[in-house]
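Read through the structure below, which is laid out as structure tokens, and then see the notes.
By convention in this document, chain letters (A, B, ...) are assigned in the order of the sequence lines, proteins followed by strands, and residues within each chain are numbered from 1. Computed from a predicted model, the values in this text were never measured in an experiment. Note: hydrogens, waters and symmetry copies are ignored here, and every other heavy atom, side chains too, is used.
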Amino acid sequence: MKWKRTHNCGALSSQNIDQHVVLMGWVASRRDHGGIIFIDLRDRWGLTQINIRPESAVYEEAKKLRNEWVVAFKGVVESRPEGMMNKNLATGEIEVLATELEVLNAASAPPFNVFAENVASEDIRLKYRYLDLRRQEMQDNLILRHRVAQLVRTYFSEQGFLEIETPFLMKSTPEGARDFLVPSRLWRGKFYALPQSPQTYKQLLMIAGFDRYFQIVRCFRDEDLRADRQPEFTQIDIEMSFVDEEDIFEIMEGLMARVLRETLDIEIERPFPRISYDEAMRQYGSDRPDLRFVLKLVDVSNIVKFSDFNILVQAVHAGKIVAGICAPGCAGYSRKQQDDLAAWARQRGASGLIAIKIGAGVLEGSAAKFFTEEQARAMIEAFDAREGDMLFICGDERDLTRQILAELRIEMAKRLGLIDEKRMSLTWVVDFPLFEWSPERDRYVALHHPFTSPLPQDEEKMTTDPEHVRARAYDLVLNGLEIAGGSIRISQQHVQQKMFEALRISPAEAESKFGFLLEALKYGAPPHGGIAFGFDRLIMVLAGCQSIRDVIAFPKTASATSLMDGAPSEVDIDQLIELGLQIKK
RNA sequence: GGGGUCGUGGUGCAGCUGGUUAGCACAUCGGCCUGUCAAGCCGAAGGUCGCGGGUUCGAGCCCCGUCGGCCCCGCCA
């Protein structure tokens, strides 16, 4: 490198005309006219056009340049001729007339074009991730990610929070997701676990008196992947002392308002709406409803059960529910379209999907005959349906019905264009159940985690009626995506013990797994609670991406491998021996 | 663990109900061209269709298996 860079590729403008500059970067595009040659020089900050004239000393060498070569140009900033300015380019008013050129590194022809609109398939992109990351879109995503991370740090610091690091090598926790294990060399046969979240540590930090903690921290869960799930992902982890739900909501709403303002220039209304878990399930069939559109589920069991619609009457008598959604303007759906939707529903386990057209104040179609005039009116009223709408009705077990209608609700919203893509809809979902029955484990498990406080008025039901105990737990839902979740924690040891009892974790087991926390709770634990944001998911939404892989520099594939470096891989036998491990095939 | 979908020159795609030399664009290489901005024009090289097996006179196309990408269910306190 012969020279010092004076400017980056996005810095120059007509302010710099006549200045002598040195630019360094990658060749994004070469336009050789036989005489004059134009090079678009690219770096993180932008693109600057280099002009190489036939009479230039570097002309012959410049002819050899190819895409993605790394080069340095010395030259003079000139105004582009009248009519040759490029308004799409920040540096479009100027160009650099090259006087000297140094090839810093020639490059092989890249496996895909970095500077093109056609994006390579994802496996190729992942294999050559360092090239994929050169693309503008990926650069923008990671720059956005950085900006939000900085915002988060600034915001919480201003609010009196401390960023404190917690261990990555920790004790394996039995509840929840599968742990990634790390074998101990010094303690043969023993293992560390990578944290699924710093949950217990942040509670201990509250007990230690730090009062307000946050951390942007990596978490690890050995579960199957999805578009919004990676085996390692990043959380904004937060915990606060001497607070209740309101305090936490206020701080988090402040954070979201600021992030949305400073990234997307969106002013969000506060306080955010709240909906109970029960209501969410009833009205939307989901604990993370997308509220960018309405389209509520309506339970019509009480109307249908008096009709002559035998299948549905029987369903209600069998303890199932009959519910549906009203798809606006869909009365024109053909027989085939209806059948396809029914097949779609059956594929998801429904016994069927009944379509009922709405006429002028009456029901139409083959199902209409089962309803009296009065029942028909009641149906129309329940759905707030209008002429030309179509009801889609499902009659199955409560949870299944809701689940299918929840999916149908989203599917229809997409088809009918009911979703305003620009809108950011934030909602708190509150009053989650504390427990959930696990058929596999034949016991109750914590829906959130075993340190979640019950609602005080439900506390006595913990052992007698676990099903109906509500938790002081809350999720923040953004456009149908769970982006944060948290709870007020148990800060009293006797409640914590009751929790383990309800989960059928024996005192001995509780002692061995969580003894340190139980012990800590004895020594003056302040009331505390917190929340954690899925940082990748948040960035994904802000960036308008469909997958968190696009906002993570080096993500894994859906089968948890890294196509670039080949992880996971087999290891040297000596490494295994040292750890006292033997592979069983 | 299960379901779906995709897999064709370096890259992105096309390839009709199976039928002769597998097309197109970009990239690559060579030539021409002094104002482009994803430059243009002319030309060349480059694939046996992820892999294995089967059906057939004949398979990129059909069937089975397998590997890989992606999406979903289960799973994810």
Side-chain angles (χ1 to χ4, degrees), chain A residues 28-42 47-56 59 66-68 78 80-89 91-92 95 97 108-128 131-132 136 173-179 195-197 199-200 219-231 233 344 347-349 403-404 407 432 434-436 438-441 444-452 471 473 482 485-487 499 503 505 513-514 532 534 546-547 549 556-559 561 563:
Chain A
S29 155
R30 167 186 58 101
R31 294 179 292 279
D32 183 345
H33 288 251
I36 195 167
I37 298 172
F38 294 107
I39 299 286
D40 283 342
L41 197 66
R42 184 197 70 230
L47 210 65
T48 301
Q49 177 165 287
I50 312 290
N51 179 342
I52 300 139
R53 299 194 159 276
E55 57 272 25
S56 161
Y59 184 70
R66 293 294 181 270
N67 283 349
E68 301 309 316
E78 293 198 324
R80 293 197 192 184
E82 203 59 38
M84 303 298 160
M85 311 230 174
N86 186 344
K87 285 188 207 118
N88 302 319
L89 215 56
T91 61
E95 62 191 6
L97 189 67
S108 305
F112 58 89
N113 195 347
V114 171
F115 192 63
E117 59 192 21
N118 275 6
V119 188
S121 60
E122 198 160 359
D123 47 340
I124 304 284
R125 290 174 52 204
L126 288 172
K127 180 171 179 193
Y128 300 97
L131 295 180
D132 188 43
Q136 191 63 54
T173 52
E175 292 283 302
R178 214 172 280 122
D179 282 326
Q196 297 175 25
S197 83
Q199 182 59 40
T200 49
C219 302
F220 306 85
R221 292 176 193 175
D222 189 7
E223 297 293 347
D224 288 356
L225 283 67
R226 287 287 187 282
D228 61 355
R229 269 163 35 191
Q230 284 272 305
F233 60 99
W344 174 88
Q347 207 183 342
R348 282 161 176 73
Q403 187 192 324
I404 284 160
E407 276 187 70
F432 276 80
L434 188 62
F435 301 108
E436 182 183 37
S438 167
E440 303 91 59
R441 279 174 264 200
Y444 284 97
V445 295
L447 185 70
H448 190 54
H449 57 52
F451 317 110
T452 301
E482 182 203 326
S487 63
M499 183 70 171
L503 295 173
I505 296 174
K513 303 277 167 65
F514 299 110
Q546 301 302 309
S547 156
R549 288 186 303 276
K556 306 275 188 290
T557 65
S559 51
T561 65
L563 295 179

Note: A/R42-A/E68 ion pair, threshold 4.0 Å (strictly below): yes
Any residue meeting salt bridge (Lys or Arg N to Asp or Glu O under 4.0 Å) with A/R348, in chain and number order, not counting sequence neighbours: A/E407
B/G47 and B/U34, which share atom name C1', separated by this distance in whole Å: 38 Å
Polar side-chain contact A/R348-B/G3 base: donor and acceptor under 3.5 Å: no
B/U48 and B/G7, which share atom name C1', separated by this distance in whole Å: 15 Å
Distance, C1' atom - from B/U56 to B/U17, rounded to whole angstrom: 16 Å
Sugar-phosphate, base or nothing in reach of A/T452, heavy atoms under 4.0 Å: nothing
Sugar-phosphate, base or nothing in reach of A/R125, heavy atoms under 4.0 Å: nothing
Nearest-angstrom distance, P atom, B/C26 to B/A39: 11 Å
Sugar-phosphate only, base, or nothing, as touched by A/N51 at under 4.0 Å among non-hydrogen atoms: base
Closest-nucleotide ordering on RNA chain B, the 5'-leading residue of A/A177 and A/L126: A/L126
Side chain of A/P54 (C-beta onward), nearest among B/C76, B/U34, B/C37: B/U34
A/T557 or A/S197, whichever maps to the more 5' nucleotide of RNA chain B: A/T557
Sugar-phosphate only, base, or nothing, as touched by A/E436 at under 4.0 Å among non-hydrogen atoms: nothing
Base B/C75 paired with A/R221 side chain (donor-acceptor, <3.5 Å): no
ring-ring contact (aromatic ring centres under 6.0 Å, His included) partners of A/F220, counting only residues at least two apart: A/F168
Short side-chain donor-acceptor distance under 3.5 Å, A/E78 and A/N51: no
Hey, what are the protein-to-nucleotides 39-45 of chain B N/O distances that come in under 3.5 Å?
| from | atom 1 | to | atom 2 | distance (Å) |
| --- | --- | --- | --- | --- |
| B/A39 | OP1 | A/S29 | OG | 3.4 |
| B/A39 | OP2 | A/S29 | OG | 2.3 |
| B/A39 | OP2 | A/R31 | NH1 | 2.5 |
| B/A39 | N6 | A/D32 | O | 2.6 |

Set of ring-ring contact (aromatic ring centres under 6.0 Å, His included) partners for A/F112, sequence neighbours left out: none
Partners passing ring-ring contact (aromatic ring centres under 6.0 Å, His included) against A/F435 (at least two apart in sequence or in another chain): none
Touch class at under 4.0 angstrom, heavy-atom based, for A/I37 against every strand present: nothing
Partner set under side chain to side chain contact (heavy atoms under 4.5 Å, CB included) for A/P54, not counting sequence neighbours: A/Y59
Distance, P atom - from B/C16 to B/U20, rounded to whole angstrom: 11 Å
Set of residues satisfying ring-ring contact (aromatic ring centres under 6.0 Å, His included) with respect to A/F233, sequence neighbours excluded: none
Identify the pairs formed between an N or O of the protein and an N or O of nucleotides 7-12 of chain B at a distance under 3.5 Å, and give each distance.
| from | atom 1 | to | atom 2 | distance (Å) |
| --- | --- | --- | --- | --- |
| B/G10 | O2' | A/P111 | O | 2.8 |
| B/U11 | O4' | A/P111 | O | 3.0 |
| B/G12 | OP1 | A/S121 | N | 2.8 |
| B/G12 | OP1 | A/S121 | OG | 2.6 |

Pairing residues for A/S559 by the side chain to side chain contact (heavy atoms under 4.5 Å, CB included) criterion, not counting sequence neighbours: A/T557, A/T561
Side-chain donor/acceptor of A/R80 to base of B/C37, under 3.5 Å: yes
